[in-house]
> 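Structure provided below as structure tokens; questions to follow.
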Amino acid sequence: MSKKLARIVLGIMFLGGLGGCSFSSSWKLENNSSVIPISQAPKIQTIQSLTALENSIFQQVNQYRQSRNLPPLKQDPSISEQAKIHSQEMAEGKVAFGHDGFERRVKAIARSISYRQASENVAFNQGFSDPATGAVKGWIDSQGHRKNMEGNFDLTGVGVARNSEGEYYFTQIFILKR
């Protein structure tokens with residue numbers, strides 16, 4: 001861990017329904033954060049390194065699922081795209097840290113994937129030498145996030161963004177196809 005104080009903030013969202021007409025949702029937002037727009041950030045983090053963090057989260061979550069004798073999730077590009085957009089918007093301060101727009105993201109995904117239920121984990125952290133592992137560990141240590149990770153889902157997508165303050169924003173969306 002770096003000399004900076006390491007911190008992690010987490011959020012969860014669940015949306016379930018049949019036929020897209022019956023939804024129940026609950027969410028937990030532990031903190032709001034103001035950030036400097038990423039357009040003003042130095043280009044320290046390349047697209048390749050953010051992609052490496054996304055792949056690391058995907059692999060770590062599947063390793064965790066395997067340790068619980070659960071089937072692996074498959075990564076889907078349309079889900080990942082929505083997760084990336086949300087992480088970027090949080091990093092730029094366009095939306096508060098949390099789940100604002102979750103239903104919109106799921107509706108966008110539903111244009112290409114018929115689903116039965118969806119959930120979302122978000123996190124942001126700073127000061128970790130391995131921010132992806134920090135986020136996944138935080139999710140595992142949180143009952144609600146862990147429930148999403150262990151849930152009856154078959155698809156996922158991950159998005160990561162970083163702002164000029166060195167805060168990493170993570171979004172992982174889980175989908176159960178019809």
Side-chain angles (χ1 to χ4, degrees), residues 1-2 4-16 27-31 33 35 38 44-91 97-99 102 105-106 109 113 115 117-163 165-177:
M1 199 170 347
S2 76
K4 285 186 178 180
L5 174 65
R7 67 180 171 141
I8 186 165
V9 180
L10 309 168
I12 56 174
M13 177 60 105
F14 177 79
L15 178 71
W27 61 280
K28 181 178 181 183
L29 178 61
E30 297 183 17
N31 190 20
S33 172
V35 298
I38 204 153
I44 296 171
Q45 284 300 113
T46 65
I47 291 173
Q48 292 85 4
S49 63
L50 293 176
T51 300
L53 290 173
E54 292 163 353
N55 289 334
S56 177
I57 289 172
F58 172 71
Q59 291 169 357
Q60 289 181 58
V61 168
N62 269 340
Q63 288 169 350
Y64 175 78
R65 287 177 61 88
Q66 182 181 15
S67 76
R68 299 291 186 249
N69 296 316
L70 297 168
L73 300 169
K74 294 179 184 168
Q75 211 165 17
D76 181 89
S78 64
I79 300 171
S80 292
E81 180 63 24
Q82 291 302 312
K84 288 176 189 179
I85 291 168
H86 186 54
S87 291
Q88 186 71 37
E89 288 179 346
M90 289 188 295
F97 171 75
H99 300 286
F102 176 67
R105 288 187 288 286
V106 172
I109 292 165
I113 300 169
Y115 76 97
Q117 65 183 23
S119 68
E120 176 179 80
N121 285 350
V122 300
F124 82 81
N125 65 38
Q126 180 178 29
F128 288 88
S129 60
D130 182 353
T133 298
V136 173
K137 181 176 178 352
W139 289 337
I140 291 170
D141 291 344
S142 164
Q143 182 180 357
H145 298 90
R146 189 173 54 249
K147 182 178 177 182
N148 284 345
M149 291 172 62
E150 295 175 354
N152 182 25
F153 299 106
D154 47 15
L155 298 175
T156 193
V158 179
V160 179
R162 181 181 182 271
N163 68 16
E165 295 174 1
E167 295 172 324
Y168 288 89
Y169 288 78
F170 306 87
T171 304
Q172 183 169 23
I173 300 172
F174 302 88
I175 297 289
L176 175 62
K177 293 184 300 188

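Along the sequence shown, residues carry numbers from 1.
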> Are any non-hydrogen side-chain atoms of Pro72 and Gln66 less than 4.5 angstrom apart?
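Pro72 vs Gln66: side chains apart.
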> Where does the angle between the aromatic ring planes of Trp139 and His145 fall among parallel (under 30°), tilted (30 to 60°) and perpendicular (over 60°)?
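Correct class here is parallel.
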> For residues Ala83 and Val158, report the shortest heavy-atom separation together with the two atoms involved.
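Shortest heavy-atom contact: CB-C, 3.7 Å.
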> Indicate yes or no: at least one non-hydrogen side-chain atom of Ile173 is less than 4.5 angstrom from one of Ser119.
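With C-beta onward as the side chain, the pair stays apart.
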> For the side chain of Ser80 and the backbone of Asp76, is there at least one donor-acceptor N/O pair under 3.5 Å apart?
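Side chain of Ser80 to backbone of Asp76, a donor-acceptor pair under 3.5 Å: yes, one is there.
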> Side chain to side chain contact (heavy atoms under 4.5 Å, CB included) for Phe174 and Leu155? Distances and angles first, verdict last.
CA-CA 6 Å; Phe174 302 88; Leu155 298 175; over 6 Å; no
> Under 4.5 Å between any side-chain heavy atoms of Tyr115 and Lys177, yes or no?
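A side-chain contact under 4.5 Å is absent here.
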> Roughly how far, to the nearest 0.5 Å, is the NZ atom of Lys84 from the CD1 atom of Ile79?
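Ile79 CD1 to Lys84 NZ: 12.5 Å, rounded to 0.5 Å.
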> Walk me through whether Phe153 and Gln117 qualify under side chain to side chain contact (heavy atoms under 4.5 Å, CB included).
CA-CA 8 Å; Phe153 299 106; Gln117 65 183 23; 3.6 Å; yes
> Indicate whether the side chain of Ser78 and that of Gln82 have a donor and an acceptor atom separated by less than 3.5 Å.
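Not at all, the side chains of Ser78 and Gln82 share no donor-acceptor pair under 3.5 Å.
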> To the nearest 0.5 Å, tell me how far Ile109 CD1 sits from Arg105 CZ.
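Answer for the CD1-CZ pair, Ile109 versus Arg105, is 8.5 Å.
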> Any donor and acceptor pair, going by atom type alone, linking the side chain of Glu167 with main-chain N or O of Asn125 inside 3.5 Å?
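Answer holds: no.
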> Under 3.5 Å, is there a donor-acceptor pair linking the side chains of Gln60 and Thr133?
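Their side chains do contain a donor-acceptor pair, which is all the 3.5 Å distance test asks for.
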> More than 12 heavy atoms of other residues, nucleotides or ligands under 6.0 Å from CD of Glu150: is that the case?
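Above 12, so yes.
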> What's the separation between atom CG in Leu176 and atom CG in Asp154, rounded to the nearest 0.5 Å?
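Reported to 0.5 Å precision, the distance equals 5.0 Å.
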> Donor-acceptor check, side chain of Asn163 to backbone of Gly166, threshold 3.5 angstrom: yes or no?
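Flag set: sc Asn163 to bb Gly166 pair under 3.5 Å.
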> About how many Å separate CZ of Phe170 and CE of Met90, when rounded to the nearest 0.5 Å?
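Nearest 0.5 Å value for the CE-CZ distance: 10.0 Å.
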> Between Thr171 (side chain) and His86 (backbone), is there a donor-acceptor pair under 3.5 Å?
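No, because the side chain of Thr171 does not come within donor-acceptor range (under 3.5 Å) of the backbone of His86.
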> With distance as the sole criterion, is a donor-acceptor pair present between the side chains of Thr156 and Gln172 under 3.5 Å?
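Yes, side-chain donor-acceptor contact under 3.5 Å.
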> Passes side chain to side chain contact (heavy atoms under 4.5 Å, CB included), Met149 versus Tyr64? Steps please.
CA-CA 8 Å; Met149 291 172 62; Tyr64 175 78; 3.7 Å; yes
> Kindly indicate, with the supporting measurements, whether the criterion side chain to side chain contact (heavy atoms under 4.5 Å, CB included) is fulfilled by Tyr169 and Val160.
CA-CA 6 Å; Tyr169 288 78; Val160 179; over 6 Å; no
